[in-house]
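Because only heavy atoms are used, hydrogens play no part in the values below, and waters and symmetry mates are left out as well, while side chains stay in. Predicted model, so just to flag it, every value in this text is computed and none were measured.
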Amino acid sequence: MPLPRQVFIAVIGAGGVGKCFLSQLHHLASNLSRSPAGPTYLSLILLSTSGKSIHHADYKSLNNWESELASSTTPPLPLPQLADYLVKAPGKVVLVDNTSNQDVADSYPMFLKKGLSIVTPNKKAFSGSYQLWNDIFAAAANGQGSGGYIYHESSVGAGLPVISTLKELVETGDEVRKIEGVFSGTMSFLFNSFQPVNGGGGKFSAEVKTAKDKGFTEPDPRDDLNGLDVARKLTILARLAGLKVESPTSFPVQSLIPKELESCSSGDEFLQRLPEFDGQMDELKSAAEKEGKVVRFVGSVDVPKGEVKVGLEKFDKSHPIAALKGSDNIIAFYTKRYGDNPLIIQGAGAGGEVTAMGVTGDLVKVLKLLQ
């Protein structure tokens with residue numbers, strides 16, 4: 001009978017995704033403790049937010065993290081001290097970064113070199129400088145290094161198996177020629193409402209406001225409309241496909257923020273003035289309609305040409321990208337093996353539960369490797 005083992009979990013971030021992950025962690029821990037292959041006990045030893053932290057010097061498990069966090073007055077540990085604390089834990093440690101914090105992302109090589117494994121949806125780690133990308137995978141055991149393991153499925157497409165699929169295509173020797181799709185739940189909802197396949201749709205500014213009211217956009221919609229979120233995801237996929245993309249601003253990214261509104265002092269002011277520019281979007285819609293097409297906001301990677309771009313494109317109404325519903329993502333892989341019919345992954349690409357599912361799935365992968 002295999003001996004029971006214990007793995008320590010440290011979590012940074014307890015917002016929307018973080019809370020969903022902690023709920024899923026509780027379910028996973030319960031299942032693993034009863035595993036017929038031998039129990040694994042997961043112990044949450046640290047939970048940190050931007051303002052406070054809970055952890056114990058003796059690595060005691062945090063069984064009531066909600067009440068402990070609410071009453072905590074302990075500030076978060078500086079990242080080097082956090083690494084030192086985790087390294088001294090009496091067993092293997094997995095750090096779960098549920099933030100989009102650049103400073104935490106920049107520290108990944110340090111954590112990995114100390115033998116700490118990482119699972120995360122943090123796009124900034126993998127779409128930042130190409131140097132950081134290299135440093136991360138030079139340190140990671142599932143890269144070229146001998147440190148901890150790192151997985152980041154949820155950095156593209158939330159819980160959809162986008163990164164794992166692309167990695168398998170590449171690692172099994174397929175030739176990835178093109179990656180194309182709708183990579184933003186916000187942009188998907190926005191354009192499916194602005195120009196539905198069966199006609200109609202509201203004014204662009206009104207659809208942006210609706211998307212914000214329904215919680216599909218960032219608090220400031222300009223953070224979605226500038227295209228940078230999609231550019232970050234394309235940077236990650238392009239790099240996995242073998243392209244040395246320097247940064248998300250090193251290729252053409254179309255912003256849907258009118259030049260005149262770039263200097264707005266707030267998201268509210270931006271929304272108030274956006275109707276002044278509805279005419280421009282109406283023209284695009286009409287031009288597409290005359291061709292029997294619809295406008296969608298997409299990203300694409302042309303691997304042989306080494307080209308990456310993000311912006312508006314017109315699609316036939318019969319095209320899978322045109323027929324998306326709600327806030328779904330769709331990612332098409334055109335490869336040598338799949339020929340003219342691409343491998344398509346489609347489904348919810350945003351939301352706390354599905355994003356956390358991708359993170360929890362990555363944790364399961366790491367736990368198997370730590371055996």
Side-chain angles (χ1 to χ4, degrees), residues 105-106 108-109 112 118-158 160-184 227-254 298-311 313 321 329-346 349 358 361-362 365-366 369:
D106 289 341
Y108 285 3
L112 291 164
I118 300 169
V119 295
T120 182
N122 190 343
K123 288 187 284 288
K124 289 180 181 170
F126 311 97
S127 63
S129 72
Y130 194 65
Q131 185 62 53
L132 177 59
W133 169 274
N134 278 336
D135 289 347
I136 288 170
F137 289 103
N142 51 327
Q144 275 77 51
S146 57
Y149 296 95
I150 188 160
Y151 285 90
H152 58 105
E153 184 69 73
S154 288
S155 63
V156 180
L160 297 176
V162 177
I163 285 175
S164 51
T165 299
L166 177 55
K167 278 184 173 177
E168 282 197 6
L169 290 170
V170 172
E171 288 169 2
T172 59
D174 200 354
E175 184 184 311
V176 180
R177 293 166 176 168
K178 185 179 182 184
I179 306 167
E180 180 179 56
V182 174
F183 294 88
S184 161
L228 189 59
D229 175 65
V230 177
R232 286 192 180 282
K233 294 169 186 173
L234 266 288
T235 299
I236 295 168
L237 295 182
R239 287 172 175 174
L240 288 170
L243 301 183
K244 293 183 178 179
V245 178
E246 186 51 45
S247 75
T249 56
S250 63
F251 52 85
V253 179
Q254 182 178 1
V298 299
S300 65
V301 181
D302 186 318
V303 180
K305 290 183 181 174
E307 291 176 358
V308 186
K309 63 177 180 175
V310 171
E313 302 275 353
I321 285 177
N329 284 190
I330 184 169
I331 296 93
F333 294 109
Y334 294 83
T335 78
K336 186 175 182 180
R337 281 187 198 138
Y338 281 86
D340 294 334
N341 294 318
L343 168 58
I344 290 176
I345 298 169
Q346 181 178 341
D362 280 347
K365 291 174 195 168
V366 171
L369 290 166

Exercise. Decide yes or no on side chain to side chain contact (heavy atoms under 4.5 Å, CB included) for Val308 and Thr235, but give the supporting numbers first.
Key: CA-CA 8 Å; Val308 186; Thr235 299; 6.0 Å; no
Exercise. Could you check whether the rings of His152 and Trp133 sit parallel, tilted or perpendicular, using 30° and 60° as the cut-offs?
Key: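 Rings of His152 and Trp133: perpendicular, over 60°.
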So do [Y] and [X] actually touch side chain to side chain, heavy atoms under 4.5 Å?
| X | Y | result |
| --- | --- | --- |
| Phe126 | Thr120 | yes |
| Phe333 | Val162 | yes |
| Val310 | Phe183 | no |
| Val301 | Val245 | no |
| Arg337 | Leu343 | no |
| Val253 | Pro248 | no |
| Asn142 | Tyr151 | yes |

Practice problem: Go through the steps for Tyr130 and Ser250 under the test side-chain hydrogen bond (donor to acceptor under 3.5 Å, both in side chains), then give the verdict. | Solution: CA-CA 11 Å; Tyr130 194 65; Ser250 63; over 6 Å; no
Quiz item: Quick check: are there more than 12 heavy atoms from other residues, nucleotides or ligands sitting under 6.0 Å from OH of Tyr338?
Solution: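 No, the 6.0 Å shell around OH holds no more than 12 heavy atoms from other groups.
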Quiz item: Counting only heavy atoms not in Glu168, do more than 12 sit closer than 6.0 Å to its CD atom?
Solution: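 It does not: Glu168 CD has 12 such atoms or fewer within range.
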Quiz item: So, does Glu180 use its side chain to make a donor-acceptor pair with the main chain of Ala332 at under 3.5 Å?
Solution: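 Flag not set: sc Glu180 to bb Ala332 has no pair under 3.5 Å.
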Exercise. For the pair Arg232 (side chain) and Gly227 (backbone), establish whether a donor and an acceptor sit closer than 3.5 Å, ignoring hydrogens and angles.
Key: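 Side chain of Arg232 to backbone of Gly227, a donor-acceptor pair under 3.5 Å: no, none is there.
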Quiz item: Can you tell me if Asp174 and Thr335 form a side-chain donor-acceptor pair at under 3.5 Å?
Solution: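 Distance-only check passes for Asp174 and Thr335.
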What are the two closest heavy atoms between [X] and [Y], and how far apart are they?
| X | Y | result |
| --- | --- | --- |
| Ala140 | Ile150 | CB-CG2, 3.7 Å |
| Gly349 | Leu160 | CA-CD1, 4.4 Å |
| Ala241 | Val170 | CA-CG2, 4.4 Å |
| Ser184 | Val230 | CB-CG2, 3.7 Å |
| Ser155 | Ile236 | OG-CD1, 3.8 Å |
| Gly358 | Ser154 | CA-OG, 3.1 Å |

Calculate, to the nearest 0.5 Å, the distance between atoms [atom1] and [atom2] belonging to [X] and [Y] respectively.
| X | Y | atom1 | atom2 | answer |
| --- | --- | --- | --- | --- |
| Leu240 | Thr165 | CG | OG1 | 11.5 Å |
| Asp302 | Lys309 | CG | NZ | 9.0 Å |
| Glu246 | Gln131 | CD | CD | 8.5 Å |
| Tyr149 | Leu369 | OH | CG | 5.0 Å |
| Arg239 | Asn134 | CZ | CG | 8.0 Å |
| Asp229 | Lys123 | CG | NZ | 4.5 Å |

Quiz item: Could you go step by step and tell me if Asp135 and Tyr108 meet the side chain to side chain contact (heavy atoms under 4.5 Å, CB included) rule?
Solution: CA-CA 9 Å; Asp135 289 347; Tyr108 285 3; over 6 Å; no
Quiz item: Would you call Lys365 and Asp362 a salt bridge, using N to O less than 4.0 angstrom?
Solution: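 Between Asp362 and Lys365 there is a salt bridge, with a charged N closer than 4.0 Å to a carboxylate O.
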